[in-house]
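A short write-up of the structure that comes next.
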Amino acid sequence: QHLMAIATYRDAMSVLNEARTPVEWAQIQLDLGNSLLSTGAGQQGTLFLSQAAEAYRNALKIMTKETIPWKWAMAQHNLGVALKLIGERETGSAPLKDSILKFELALTIFSRKQSPLDWAMAQNNLGLSLSALWEREAPLRAALFESGQKALLEQQRDGKVPMTIADHTAAQEAIMKSATSTEQLE
């Protein structure tokens with residue numbers, strides 16, 4: 001069913017184009033993205049999800065926050081979902097980090113008061129992306145922590161750093177805070 005919809009949307013794009021009918025073209029891109037996302041979510045791999053992300057990005061060329069705010073936010077949200085699913089299926093953190101940004105952008109329009117269901121959906125997906133990123137980068141956090149501990153112990157052994165238990169605990173907390181700050185900058 002989704003595959004037929006995908007073919008139909010692609011056929012419609014042969015008639016509509018971005019230059020002549022930009023709003024209609026963007027709506028077809030959004031609808032195509034939705035069908036590709038639904039198809040890709042139920043399959044292994046990322047081919048349909050990557051195509052969905054491309055369709056949402058195309059729609060966002062026309063659907064701006066200033067001109068069509070709700071559709072812009074929905075396109076941002078759905079792009080975030082596609083990127084989250086890609087990030088869960090691939091190695092690396094870039095798609096997950098991008099999905100977090102997209103959900104945060106959607107939440108600039110989806111307010112708890114004005115659109116509580118959209119707000120809750122975006123908040124939930126933001127939480128899922130943050131959780132997936134946290135799990136993905138756990139080995140990096142552990143390696144940074146271990147490296148910092150070894151450096152502190154070496155300095156203490158050389159007599160360069162007199163260390164009490166409180167000093168050691170404070171140093172560990174500083175290392176973890178630094179690791180978290182480093183992750184946020186990436």
Side-chain angles (χ1 to χ4, degrees), residues 1-137 183-184 186:
Q1 190 174 19
H2 290 294
L3 294 176
M4 284 179 40
I6 292 167
T8 301
Y9 293 133
R10 287 186 170 147
D11 190 42
M13 285 190 302
S14 69
V15 177
L16 301 174
N17 67 48
E18 183 179 4
R20 261 189 332 195
T21 54
V23 174
E24 293 81 2
W25 178 85
Q27 183 61 53
I28 295 293
Q29 291 288 333
L30 185 61
D31 294 339
L32 174 62
N34 291 340
S35 290
L36 288 162
L37 178 61
S38 294
T39 302
Q43 296 186 359
Q44 293 182 346
T46 61
L47 177 64
F48 286 108
L49 297 172
S50 296
Q51 291 175 2
E54 180 182 356
Y56 292 130
R57 286 185 181 106
N58 286 337
L60 287 165
K61 292 176 188 177
I62 304 300
M63 295 177 174
T64 67
K65 185 177 184 178
E66 294 73 28
T67 59
I68 313 171
W70 188 86
K71 285 193 177 191
W72 173 86
M74 188 54 70
Q76 293 287 0
H77 175 270
N78 291 353
L79 176 54
V81 172
L83 292 169
K84 178 182 79 64
L85 292 172
I86 291 168
E88 290 172 348
R89 296 174 187 190
E90 294 182 348
T91 58
S93 300
L96 291 171
K97 290 177 181 179
D98 288 345
S99 74
I100 291 166
L101 173 64
K102 299 306 176 188
F103 294 132
E104 289 172 340
L105 287 171
L107 286 165
T108 64
I109 298 297
F110 295 158
S111 71
R112 186 177 192 163
K113 184 177 181 180
Q114 292 182 331
S115 51
L117 293 177
D118 296 326
W119 175 85
M121 177 179 60
Q123 288 287 354
N124 181 61
N125 284 317
L126 174 60
L128 291 171
S129 286
L130 288 167
S131 178
L133 182 62
W134 179 261
E135 290 299 317
R136 172 77 42 90
E137 295 192 344
E183 290 172 6
Q184 292 173 353
E186 293 177 353

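On a predicted model such as this, the values are computed, not experimentally measured, just so you know. These numbers come from the heavy atoms of this one structure, side chains and all, not from hydrogens, waters or symmetry mates.
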- Query: Counting only N and O atoms by type, is there a donor-acceptor contact under 3.5 Å from the side chain of R20 to the main-chain atoms of V15?
  - Reply: yes
- Task: Answer yes or no: are there more than 12 heavy-atom neighbours, outside Q114 itself, under 6.0 Å from its atom CD?
- Result: no
- Message: Would you compute the distance between atom OG1 of T108 and atom CZ of F103 and round it to the nearest 0.5 angstrom?
- Response: 13.5 Å
- Just how far is it from atom CZ of F110 to atom NE2 of H77, taken to the nearest 0.5 Å? 7.0 Å
- Do the non-hydrogen side-chain atoms of M121 and M74 ever get within less than 4.5 Å of each other? yes
- Message: Do M13 and Q29 make a side-chain contact, defined as non-hydrogen atoms from C-beta onward lying under 4.5 Å apart?
- Response: yes
- Considering the options N125, L49, N34, which one meets the side chain to side chain contact (heavy atoms under 4.5 Å, CB included) requirement together with V81? N125
- Message: If you apply the rule side-chain contact (heavy atoms from CB on, under 4.5 Å), what do you find for L37 with L85, and how did you get there?
- Response: CA-CA 9 Å; L37 178 61; L85 292 172; 4.0 Å; yes
- Task: For residues L3 and I6, determine if any side-chain heavy atom of one lies less than 4.5 Å from a side-chain heavy atom of the other.
- Result: yes
- Message: For the CG atom of L79 and the CD1 atom of I86, what is their distance to the nearest 0.5 Å?
- Response: 8.5 Å
- Note on the structure: side-chain contact (heavy atoms from CB on, under 4.5 Å) filter on T67, not counting sequence neighbours, yields T64
- If you take all heavy atoms of K84 and S99, which pair is closest and at what distance? N-CB, 3.6 Å
- Quick one: are L83 and L96 in side-chain contact, heavy atoms under 4.5 Å? no
- Message: Any donor-acceptor pair under 3.5 Å linking the side-chain atoms of Q76 with those of K65?
- Response: no
- Atom of A52, atom of A82 and distance for their closest heavy-atom approach: CB-CB, 4.5 Å
- Rounded to the nearest 0.5 Å, the NZ atom of K97 sits from the CZ atom of R136 at a distance of 11.0 Å
- Message: Can you give me the closest heavy-atom contact between S93 and E137, atom names plus distance?
- Response: OG-OE2, 2.9 Å
- Compare all side-chain heavy atoms of E66 with those of W72 and state whether any distance is below 4.5 angstrom. no
- Task: Side-chain contact test, heavy atoms from C-beta onward, threshold under 4.5 Å: evaluate it for L36 versus Y9 and give yes or no.
- Result: no
- Drop me the distance from N17's CG to E24's CD, to the nearest 0.5 angstrom. 10.5 Å
- Using modelled atom types only, decide if a donor and an acceptor are shared between the side chain of S129 and the backbone of L126 within a distance under 3.5 Å. no
- Task: Would you mind reporting whether D118 and I109 have side-chain heavy atoms less than 4.5 Å apart?
- Result: no
- Please answer whether the main-chain N or O of S35 pairs with a side-chain N or O of S38 as donor and acceptor at a distance below 3.5 Å. no
- Is R112 atom CZ crowded by more than 12 heavy atoms from other residues, nucleotides or ligands, each under 6.0 Å away? no
- Task: Output the distance between atom NE2 (H2) and atom CD (Q43), rounded to the nearest 0.5 Å.
- Result: 10.0 Å
- salt bridge (charged side-chain N to carboxylate O under 4.0 Å, His left out) filter on K102, not counting sequence neighbours, yields none
